[in-house]
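These values consider heavy atoms only, across backbone and side chains, with no hydrogens, waters or symmetry-generated copies. We name chains A, B, ... by the order of the sequence lines, and we start the count at 1 in each one.
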Number of protein chains: 2
Amino acid sequence: MQPPFHRLVEFVPLSAEEAEMARGWLVDSRRIARGKPIRQEGEPVKGVFFLLDGWAGSSLLLRDGRRQIVKVHLPGDMLGFPSLALSHAGETLEALTDATICSFPNAAIGRMFRELPRLAMALFLSTQKERVALMQKLSWVGATSAMERLTAFLLDLHHRLQAAGLAQAGCFDFPITQQQLGELLGMSTVHINRTFKSLDETGCISRGRGRIEVLDFAGLQRLAASFPPDFAGHDAWARLDNSSRF
Amino acid sequence: MQPPFHRLVEFVPLSAEEAEMARGWLVDSRRIARGKPIRQEGEPVKGVFFLLDGWAGSSLLLRDGRRQIVKVHLPGDMLGFPSLALSHAGETLEALTDATICSFPNAAIGRMFRELPRLAMALFLSTQKERVALMQKLSWVGATSAMERLTAFLLDLHHRLQAAGLAQAGCFDFPITQQQLGELLGMSTVHINRTFKSLDETGCISRGRGRIEVLDFAGLQRLAASFPPDFAGHDAWARLDNSSRF
DNA sequence: CGGCCTTGTTAATATATGTAAATGCCGCAT
DNA sequence: ATGCGGCATTTACATATATTAACAAGGCCG
């Protein structure tokens, strides 16, 4: 099976040596059961993770016991990078479905920066893109209605699943509970339910046990009024590599 | 005057060569008047910026014309990194006060990755730390009350101003309007005003034209129930550099 | 088969926050 | 001094969303 490297090669194609090294990282994969933690907030940071299969979530604990899911990770995503700058993890990584991950120790990252600058830079750009995604999400959550948030999330999800080859004809698995969806979008489960139901009634989507089908794409996009434009930067590498003038 | 490099040397001390190069970047600084854009959303990405003096903001436009301020930048911050992965800027950079910045073209970043891996890594870690900050902010906005958001913002701001040497004895400049504060915290100006007033009445802080003084630190922290722990990782560099085992 | 647990659904009520509009304050330019 | 514009402050009112509770549907396990 082809490892899901689409997030890595998005910015720069891997050389033979780089591909070799990347494949080497995948040797010891680990299986995590749905709902189990991969790394808890506050634990020492020993490295990062690569999600080979399944869905995972990054979440933060609030003092009152609730938590906020900050990001849903799909196969091919790198997990835990933000905490690399901290002594103890600032986020909890958790398997949202049964998942398989492999680990990537601190030292390997240092080595990559020293020996494979092209790869380091691809990774760097990939994490910057994550930062953009985070900024966009912050802008929904802060300033839009429940319906917009939900539809924007579904559109984004579909987009990313498609990039990972996990959605066909607007149809994809949707294995998370409404409770988790509430923690992700910052609203109560009851209101998630109301909103989901009324979205269903618009006819734009249809839900079946653990799956979602998008029926009316344009309609969805109209509902997600604040869905951000996509300035995908597949040329980013070239811009940084060449000596373009400022 | 000493350039504000505290955000750069936080993770790794600069070698002579690196310090030399860093100083070279600062040659042509530009002055931006309060309220003026540094770079607008949608413009081509020619590089990043270094904020030498003043406050700046990163914001996203929503389709309905409102905007969400995603981050307030203080002297020493690097601006525009997230958009590096995009062809066109995904964020608007704007001077919140009169500010002075200098530019840092794409090519210089590429060169840095190839020639100064230590510096590249320090920068990388710094942007990961920003990502943590973004995640934390997302968790406030999504799941906490107006009072918590406001106090958490003030605490974080004070913390960062202190790191930049811009706050003494809990006293610091506060040059942004309540309108901007609302766009930052995702609430209406009226509610900002209400909340600010009632925070004032608790006696934890006192406001005077354009300045804020924190009177009761512990009280503030109690109000900001969700203020996250600080897992500052000044040892991050060492962890990545040495061959620590996973 | 029957119970238990998770998940989804719906209703009734409470409340935090938004919206609209008016007022006052202060600095600044004429 | 006068008026004007940006900003802070209030008031009154509207509403989206939270909270609590109860119940239904399905999966798992004895």
Side-chain angles (χ1 to χ4, degrees), chain A residues 33-36 55 62 64-69 94-98 140-151 153 173-201 205-212 223 225-226, chain B residues 33-36 62 64-69 94-98 140-153 173-201 205-212 223 225-226:
Chain A
R34 171 192 142 116
K36 294 298 181 199
W55 291 24
L62 305 173
D64 61 8
R66 284 178 311 168
R67 63 174 192 171
Q68 167 80 31
I69 298 182
E94 179 193 352
L96 295 177
T97 68
D98 287 348
W140 314 340
V141 174
T144 70
S145 73
M147 179 62 90
E148 284 183 65
R149 262 177 276 175
L150 180 58
T151 51
F153 170 67
D173 280 336
F174 193 75
I176 63 180
T177 71
Q178 291 188 354
Q179 160 108 24
Q180 290 167 331
L181 203 48
E183 290 168 342
L184 177 66
L185 300 180
M187 46 205 274
S188 71
T189 63
V190 177
H191 203 57
I192 285 280
N193 188 278
R194 271 195 284 259
T195 313
F196 225 142
K197 183 189 166 200
S198 87
L199 174 58
D200 212 340
E201 283 165 354
I205 67 164
S206 110
R207 294 176 289 165
R209 342 108 279 160
R211 285 186 73 75
I212 283 186
L223 287 172
S226 62
Chain B
R34 171 191 141 117
K36 295 296 182 200
L62 305 173
D64 60 10
R66 284 178 311 169
R67 64 175 190 168
Q68 168 79 31
I69 299 182
E94 180 193 352
L96 295 178
T97 68
D98 288 348
W140 312 341
V141 174
T144 70
S145 73
M147 181 61 92
E148 284 182 66
R149 263 178 274 176
L150 179 59
T151 50
F153 170 67
D173 279 336
F174 193 75
I176 64 180
T177 71
Q178 291 187 356
Q179 161 107 24
Q180 291 167 330
L181 203 49
E183 290 168 341
L184 177 67
L185 300 180
M187 46 205 275
S188 71
T189 63
V190 176
H191 203 58
I192 286 281
N193 190 281
R194 272 196 282 254
T195 312
F196 226 141
K197 183 189 167 201
S198 87
L199 174 58
D200 212 340
E201 284 165 353
I205 67 164
S206 109
R207 294 176 291 164
R209 345 104 283 160
R211 286 187 71 76
I212 282 186
L223 287 173
S226 63

Identify the heavy atoms of A/Gln179 and A/Thr189 that sit nearest to each other, and give their distance. CA-CG2, 3.4 Å
Output the rounded distance in Å from [atom1] ([X]) to [atom2] ([N]).
X: A/Gln179; N: C/dG8; atom1: CD; atom2: P; value: 9 Å
X: A/His191; N: D/dT20; atom1: NE2; atom2: P; value: 17 Å
X: A/Glu148; N: D/dA16; atom1: CD; atom2: C1'; value: 13 Å
X: A/Ile192; N: D/dT19; atom1: CD1; atom2: P; value: 13 Å
X: B/Leu199; N: D/dA8; atom1: CG; atom2: P; value: 15 Å
X: A/Leu185; N: D/dA18; atom1: CG; atom2: P; value: 11 Å
X: B/Glu183; N: C/dT17; atom1: CD; atom2: C1'; value: 17 Å
X: B/Leu150; N: C/dA16; atom1: CG; atom2: P; value: 16 Å

What I want to find out is whether [X] reaches [Y] closely enough, with some N-O distance under 4.0 Å, to be called a salt bridge.
X: A/Arg34; Y: A/Glu94; value: no
X: B/Asp173; Y: B/Arg211; value: yes
X: A/Asp200; Y: A/Arg207; value: yes

Reckon [X] touches a base, only the sugar-phosphate, or nothing at all at heavy-atom distances under 4.0 Å?
X: B/Gly182; value: nothing
X: A/Thr177; value: sugar-phosphate
X: A/Gly186; value: sugar-phosphate
X: B/Arg34; value: sugar-phosphate

Are [X] and [Y] close enough that some pair of their side-chain heavy atoms sits under 4.5 Å apart?
X: B/Leu150; Y: B/Leu185; answer: yes
X: B/Thr195; Y: B/Met187; answer: yes
X: A/Phe196; Y: A/Ile205; answer: yes

Expected rows: protein N/O vs nucleotides 9-11 of chain C N/O, under 3.5 Å:
| from | atom 1 | to | atom 2 | distance (Å) |
| --- | --- | --- | --- | --- |
| C/dT9 | OP2 | A/Gln178 | NE2 | 3.0 |
| C/dT9 | OP2 | A/Asn193 | ND2 | 2.9 |
| C/dT9 | OP2 | A/Arg207 | NH1 | 3.3 |
| C/dT9 | O5' | A/Asn193 | ND2 | 3.4 |
| C/dT10 | OP2 | A/Lys197 | NZ | 3.3 |

N/O donor-acceptor pair under 3.5 Å between B/Arg66 side chain and A/Ala143 backbone: yes
Relative orientation of the end axes in the helix from C/dC1-D/dG30 to C/dT30-D/dA1, expressed as an angle to the nearest 10° (five pairs per end): 30°
Partners of A/Arg194 by side chain to side chain donor-acceptor pair (under 3.5 Å), sequence neighbours excluded? A/His191
